[in-house]
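Note sheet for the following structure.
Side chains are part of it too, since the values below use all heavy atoms of this structure and drop only hydrogens, waters and symmetry mates.
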Amino acid sequence: MQASSTILRNNSIRNIAIIAHVDHGKTTLVDHLLRQSGTFRENQVVATRVMDSNDLEREKGITIMAKNAAITWNGTKINILDTPGHSDFGGEVERVLSMVDGVLLLVDAAEGPLPQTRFVLKKALEMGLTPIVVINKIDRSDARADEVLDEVMQLFINLEADYEQLNFPVIYAIAKQGIAKRSLEEESDSLTPLFETVVATIPPPPADPDQPFQMIIAALDWNDYVGRIAVGRIHRGKVKVGDQVALMRPDGAIENSKITKLYVFEGNQRKEVENAVAGDLIALSGFENVHIGDTIADAANPEALPYVNIDEPTLAMNFMVNNSPFAGREGKFVTTPKLRERLYRETRTNVALRVADTDQPDNFKVSGRGELQLAILIETMRREGYEFAVSKPEVLFKRDENGKLQEPMEHVIVDVSQAQIGTVIELLGRRKAEMLNMTPSGDMVRAEFIVPARGLIGFRTEFLTSTRGEGIIHHTFHGYDAHKGEFATRTRGSLISMEAGPSTAYALEMVQERGVLFLGPGVEIYEGMVVGENSREDDMVVNPCRTKHLTNMRASGSDGSVKLDTPRQLSLEQYIEFISDDELLEITPQNIRIRKRFLSANDRARMKKRAALAAEEA
């Protein structure tokens, strides 16, 4: 221990978080930090992106949950937190920053700072964390490290960083090869300069071992043998297995318990220990009903710690029990109690998610940061065997102190070719976007916009189509602003089945002339199910189950072969973007189907008439 400005610090530990925009190389860098610190044996087989342990993370190539790892470098233990880079999982970043004393800010040497870079850096600077800037991917052919460093410095100034934070060290890296250097000209074949900079720059954690024990829970895990595991940093004191402690909730309630298991982090694993001291990140068990944000303190001196505020959700979807004609055929968990229990269980570990009951007992309002966060929850539940239906995402409005309606706005950055920028500006203009800046770079253009969040629902597919798949779009939450008025988001209607039964190639050949099909022949269909996208604005009722009537007559040329286009295969995110207000997405472990809320054409016509009368009266 050493005293620094009368504050005792644990000099043998450093706690850092790696923050960056999505796909700037955080998890790859952690891979090589673990390898070069001697965490793995020389002959040990290790997967790439070892921290992305979740199946969905590996499939999508993104980090969804923040995770802990620890390495030892020349006698100093470095606790590392790998964080998500996508703005929808910003709550994960906010949650773990309370456990660290400094951050490694990774920035792509070609792309520069992007919206999520700004978001996570703003949070880190507000909490007074010490930054180290890592310019990654300097081996890219389009790398512009010096310009990017200037952009990062400007970002720090814009975010009102103090003088000490502005005096940040810079490391240039090729994370994929495990190389770091202090200047572009320096020769290096390892991450040694980065290790040395972390130990020299990041302050040791404040740690007074003689004070009563105190820690705040920043993450939760589950183990079948010991139950719920609470993860956090010891703010002061020390702890050992068997200690009597008090669990303190934000509402003031106190629950006494005994610590049954204690773990510290070693590599990407947890190691069971008997005791731990202030400054270290630990995991402990002994509590059944524990939540993120609770304080665990010495039973004799229970003092609560303040918890970092998590930004509120901006988007909501309704999750409901599936009531389609195919309900209960494919799912393992299909009832209201099962759905309710699973959704409320998710809020224990996912701090950015909110679940609320509605006036209908089988309908739950789930609010989150964005479409991707909700899509990940839907896909996770689907793989666990749940069957349910979800509605179209809707943004969460609020009113200011004068009672005026406000809506969430997104900060959007697009990178497109100069030939396509006009089309993109036109598309965003229809969605009430406001352009902030446009910077040409070679034959590419980077444009910045402020767009209503509801304008981005369903926009990504349209954007990729109009830029022929070459455009890149990033966005993050900007804040609330005055409501921008109504605008159309979907320009094409649906093709709706009027019959139930298996689809036939004969019928689909005629249906495909009306638009784009979502399914092929031989698929079971029910009345009111959406089978494709209409080429016009209105919905169209079609019969994809019609069979060819057989006769005794044979005529040359009438029995030609059926030619069907390949049906459009949509991902879960594309399904969520596609559905309109009067449609639901039926989710089962085996299938995803779009259906109308009211399956009968007569019911839909009746409800449309009622809505028109209500609008006239209003």
Is the backbone N or O of [Y] less than 3.5 Å from a side-chain atom of [X], with the two atoms forming a donor-acceptor pair by type?
X      : Y      : value
Gln420 : Thr467 : yes
His32  : Lys176 : yes
Arg233 : Leu281 : no
Gln373 : Arg369 : yes
Ser417 : Met444 : no
Asn136 : Ala175 : yes
Glu111 : Asp108 : no
Arg14  : Asn11  : yes

Original post:
What is the distance from atom CD1 of Ile174 to atom CG of Leu191, rounded to the nearest 0.5 Å?
Top reply: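 Reported value, rounded in 0.5 Å steps: 10.5 Å.
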**OP:** Could you grab the distance from atom CZ of Arg236 to atom CD of Gln214, nearest 0.5 Å is fine?
**Re:**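 Here the interatomic distance stands at 4.0 Å.
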**OP:** Check side-chain contact (heavy atoms from CB on, under 4.5 Å) between Ser188 and all other residues, then give those that pass, not counting sequence neighbours.
**Re:**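 Ser188: side-chain contact (heavy atoms from CB on, under 4.5 Å) contacts with Ile179, Lys181, Pro193.
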Original post:
Could Arg354 and Glu346 be called an ion pair, given the rule that one side-chain N must be under 4.0 Å from one carboxylate O?
Top reply: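 Result for this pair is no, no salt bridge flagged.
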Original post:
Are the charged groups of Glu379 and Arg383 less than 4.0 angstrom apart, N to O?
Top reply: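 The answer is yes: the pair qualifies as a salt bridge.
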Original post:
For the residue pair Phe459 and Phe463, does the interplanar ring angle fall in the parallel (under 30°), tilted (30 to 60°) or perpendicular (over 60°) class?
Top reply: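 Tilted.
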Original post:
Partners of Thr76 by side chain to side chain donor-acceptor pair (under 3.5 Å), sequence neighbours excluded?
Top reply: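 Thr76: no side chain to side chain donor-acceptor pair (under 3.5 Å) contacts found.
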Which atom pairs, one a donor and one an acceptor, fall under 3.5 Å between side chains of residues 429-437 and the rest of the protein, sequence neighbours left out?
unit_1: Arg430; atom_1: NH2; unit_2: Glu426; atom_2: OE2; d: 3.0
unit_1: Arg431; atom_1: NH1; unit_2: Gly455; atom_2: O; d: 2.5
unit_1: Arg431; atom_1: NH2; unit_2: Glu462; atom_2: OE1; d: 2.6
unit_1: Arg431; atom_1: NH2; unit_2: Thr489; atom_2: O; d: 3.0

**OP:** Verify the neighbour count for atom CD of Glu186: are there more than 12 heavy atoms of other residues, nucleotides or ligands below 6.0 Å?
**Re:**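 Result for CD/Glu186: enclosed.
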Original post:
Counting heavy atoms not belonging to Lys238, are there more than 12 under 6.0 Å from its NZ?
Top reply: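 No, NZ of Lys238 has 12 or fewer neighbouring heavy atoms, counting only those of other groups under 6.0 Å.
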Original post:
With a 3.5 Å cut-off and no angle check, do the side chains of Gln154 and Asn158 form a donor-acceptor pair?
Top reply: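 Yes, side-chain donor-acceptor contact under 3.5 Å.
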Original post:
With Val134, which of Leu106, Val107, Ile18 fulfils side-chain contact (heavy atoms from CB on, under 4.5 Å)?
Top reply: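 Exactly one option meets the side-chain contact (heavy atoms from CB on, under 4.5 Å) with Val134, and it is Leu106.
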Original post:
Does the salt bridge (charged side-chain N to carboxylate O under 4.0 Å, His left out) test come out yes or no for Glu407 and Lys484, once each step is laid out?
Top reply: CA-CA 8 Å; Glu407 65 175 324; Lys484 300 293 181 185; over 6 Å; no
Subject >> Pair Lys261-Glu274, salt bridge (charged side-chain N to carboxylate O under 4.0 Å, His left out): steps then yes or no >> reply: CA-CA 8 Å; Lys261 295 275 186 185; Glu274 287 300 311; over 6 Å; no
